[in-house]
Number of protein chains: 2
Amino acid sequence: MHMQNNGDGLHTSRFLTRPLYLQARDAIAHRIATGTWKPHAAIPNESELAREFGVSAGTIRKALDLAEAERLLTRRQGRGTFVNDQSAAEHAARYTNIRNREGERLSGDVEVLSVLETTVSEKESRRLRLRPHERVHRIRRVRITGGKPYMLEDVAMPTKLFPGVASHDDASQQLTVLAQRFCVLLGRGEEWLTIGPAAPDVAAALHVAAEPMLLRLDRVIYTHDGRPAEWRLAQCLMEDGRYYRANFR
Amino acid sequence: MHMQNNGDGLHTSRFLTRPLYLQARDAIAHRIATGTWKPHAAIPNESELAREFGVSAGTIRKALDLAEAERLLTRRQGRGTFVNDQSAAEHAARYTNIRNREGERLSGDVEVLSVLETTVSEKESRRLRLRPHERVHRIRRVRITGGKPYMLEDVAMPTKLFPGVASHDDASQQLTVLAQRFCVLLGRGEEWLTIGPAAPDVAAALHVAAEPMLLRLDRVIYTHDGRPAEWRLAQCLMEDGRYYRANFR
DNA sequence: TAGTGGTCTAGACCACAGA
DNA sequence: CTGTGGTCTAGACCACTAA
């Protein structure tokens, strides 16, 4: 069985192949991203997938375990394997680290101040690894809790990945929601935190008279396959027992 | 082959057992913690371990992969499996998230201001899940970089886990170094960040005249098996392009 | 060339969920 | 009861490392 390429694109040969379980994981990710398998749906069981992909059940299992670790799937013994809904609260909140004293994420509204589709700034091109002529959606919005603004967000997303985030309604959405709509699977993120005084326009947007110290959050979220999907510079009032919570292992 | 208990403590039976690969991982972790297998040493190969534990090579592989993910081991194809040295820079720095503009961790010295072995305060007992009468080592120290203090740390560690962290020399050590010495394997950590003004004694310890805004880092590190091992309240000057870096997936 | 971990297979039985 | 994922086995061959 040297060199064959079955109907599902898994490349089997003795030499120079990416491991089959990685190829299977990629195929699974592709079906989820493109909506072949929809959120909440049960996917075929292990032996069916093994037969379809022409590999053993053990190999499919390794691919499924990996996909579960990457938050694409949820497996439940005795029930089946299900596609995660990235717009569901538990997954949508995965990049949100501001919490109250009790450890709960803040609930509230979003007010969109401006939406723009334009060529990248110098900083956007560095953070999003884009060429100078490439384009982004640039959004400014305020997050509000308990009737009071607490965080100003300046967001940039490559137009290439999200063609047509035109409306204010889109601009207020969580990234995970847009990503699911535009067939983008999200992966890891990275955030740089520091503190600094609010610039006058920031203080105004947050409805505070003085120019208080803010927590500044500079964050990039990457796609499942490692391309930058969003850069966000957030400036956050930290009064009222608010915390940024980080976990590590 | 119902109910047997081989010489290495792995409990094999048809009913009610923890999975063998978890039992094997625990046995491996125990040997590393207690120094049966020393840092940098190569451990026996898969088939030897499989024979010794009386399980298949696949089961041992799963245990080893898990232990590697938990940073206990490093596996290298063609060479072998090696015990991680938790006092080596790469592992010792894993809980250190303050960086400079270039993303490098800050290098510098530590000055120990006080060391005390005493009964827990109310806050210590909450964070470290200790009873009111239990005891801790309480350390205050300052971190210095480029000749200037930048972070004040108030550390508490259960005496139970670290019996005899007496000297100032011990008190200046990284937690990972002490943990290795006291046969404690470390696991996940959790940190709560906020901002606040420096109290007078804090400003004094950091050698600043005014009372600047600081980043406050409230961190608990747990052992590999989930017991709190250290509570640290740090207060950090964030000037000179310093950042707290968080990663998430 | 010998020995290691990495991938893959084909099969068994178990634990769990739901009809 | 049936079907699912979870665990475990015994074996094969591959890729890499070092002597």
Side-chain angles (χ1 to χ4, degrees), chain A residues 1-6 8 10-28 37 40-69 72-84, chain B residues 1-6 8 10-28 37 40-69 72-84:
Chain A
M1 207 239 285
H2 282 223
M3 281 298 187
Q4 77 174 57
N5 202 317
N6 72 27
D8 294 289
L10 262 58
H11 184 254
T12 310
S13 109
R14 283 196 197 283
F15 310 107
L16 299 170
T17 56
R18 252 161 68 80
L20 294 178
Y21 75 92
L22 287 180
Q23 296 182 48
R25 187 275 311 258
D26 290 346
I28 289 162
W37 292 336
H40 300 290
I43 74 171
N45 68 38
E46 293 181 350
S47 16
E48 257 180 86
L49 288 173
R51 202 176 329 118
E52 192 191 346
F53 287 141
V55 298
S56 78
T59 299
I60 284 295
R61 162 173 296 278
K62 199 164 175 182
L64 291 170
D65 286 346
L66 180 54
E68 184 176 43
L72 307 180
L73 300 170
T74 300
R75 315 192 72 195
R76 270 175 280 180
Q77 178 169 160
R79 298 201 46 202
T81 300
F82 302 86
V83 178
N84 285 343
Chain B
M1 205 238 286
H2 283 223
M3 282 297 187
Q4 78 174 58
N5 201 317
N6 74 27
D8 293 292
L10 263 56
H11 184 254
T12 309
S13 105
R14 283 196 196 283
F15 311 107
L16 298 171
T17 56
R18 252 162 67 82
L20 293 178
Y21 75 91
L22 287 179
Q23 296 182 48
R25 188 274 313 257
D26 291 346
I28 288 162
W37 293 336
H40 301 289
I43 74 170
N45 67 37
E46 295 181 350
S47 19
E48 256 179 88
L49 289 174
R51 201 175 330 118
E52 192 190 345
F53 288 140
V55 299
S56 79
T59 299
I60 284 295
R61 165 172 294 279
K62 199 163 175 181
L64 291 170
D65 286 347
L66 180 54
E68 185 178 41
L72 306 180
L73 300 170
T74 299
R75 315 193 71 196
R76 270 176 280 181
Q77 178 170 158
R79 299 200 47 201
T81 300
F82 302 86
V83 178
N84 286 343

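What you are looking at is a predicted structure, and each value in this text was computed from that prediction instead of being measured. FYI, side chains are in, hydrogens and waters are out, and symmetry mates aren't considered; it's all heavy atoms of this structure. A, B, ... follow the sequence lines: proteins, then strands. Residue 1 opens every chain.
Put simply, CG on B:Leu64 and CG on B:Leu49 are 6.0 Å apart, with the number rounded to the nearest 0.5 Å. Separating the CD atom in B:Glu68 from the CD1 atom in B:Ile28 is a distance of 11.5 Å, to the nearest 0.5 Å.
B:Phe53 has its CZ atom 19 Å from the C1' atom of D:dA10, to the nearest Å. For B:Leu22 and D:dT7, the CG to C1' distance is 10 Å, given to the nearest whole Å. Counting to the nearest Å, the P atom of C:dG5 and the CG atom of B:Leu73 are 11 Å from each other. If you take CG of A:Leu20 and C1' of D:dA12, they are 15 Å apart, rounded to a whole angstrom. Atom CD1 in A:Ile28 sits about 11 Å away from atom P in D:dG5, given to the nearest Å. Counting to the nearest Å, the C1' atom of C:dC8 and the CG atom of B:Asp65 are 14 Å from each other. Residue B:Leu64 contributes atom CG, which lies 8 Å from atom P of C:dG5 at whole-angstrom precision. C:dA2 atom P lies 20 Å from atom CD of B:Glu46, rounded to whole Å.
Distances shorter than 4.0 Å separate none of the side-chain N or O atoms of A:Asn45 from OP1 or OP2 on D:dG3. Residue B:Lys62 places at least one side-chain N or O under 4.0 Å from the OP1 or OP2 atom of D:dT7. A close approach under 4.0 Å does not occur between any side-chain nitrogen or oxygen of A:Ser56 and OP1 or OP2 of C:dA10.
Comparing C:dG5, C:dT7, C:dT9 by their closest approach to the side chain of A:Thr59 singles out C:dT9. Checking D:dG5, C:dT9, C:dG6 against the side-chain heavy atoms of A:Arg75 singles out D:dG5 as nearest. Nearest nucleotide to the side chain of A:Tyr21, out of C:dT7, D:dC8, D:dG6: C:dT7. Side-chain atoms of A:Arg61 lie closest to D:dG6 of the nucleotides C:dC8, D:dT9, D:dG6.
Between B:Glu48 and A:Ile60, the one whose closest nucleotide on DNA chain C sits nearer the 5' end is B:Glu48.
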For a side chain to side chain contact (heavy atoms under 4.5 Å, CB included) check, start with the C-alpha distance between B:Leu66 and B:Leu22, then their side-chain angles and the critical distance, and finish with the verdict. CA-CA 9 Å; B:Leu66 180 54; B:Leu22 287 179; 3.7 Å; yes
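A search for side-chain contact (heavy atoms from CB on, under 4.5 Å) contacts involving A:Arg61 returns A:Glu46, A:Asp65, A:Arg75, not counting sequence neighbours. Among residues two or more places apart in sequence or in another chain, the side chain to side chain donor-acceptor pair (under 3.5 Å) test is passed with A:Asn84 by A:Thr74, A:His91.
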Within the sub-3.5 Å range, which N or O atoms of nucleotides 17-19 of chain D have a protein N or O partner, and how far apart are they?
{"unit_1": "D:dA18", "atom_1": "OP1", "unit_2": "B:Arg79", "atom_2": "NE", "d": "3.3"}

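Looking only at side-chain heavy atoms (C-beta outward), B:Phe53 and B:Leu20 stay at 4.5 Å or farther from each other. A heavy-atom distance below 4.5 Å is found between the side chains of B:Gln23 and B:Thr17.
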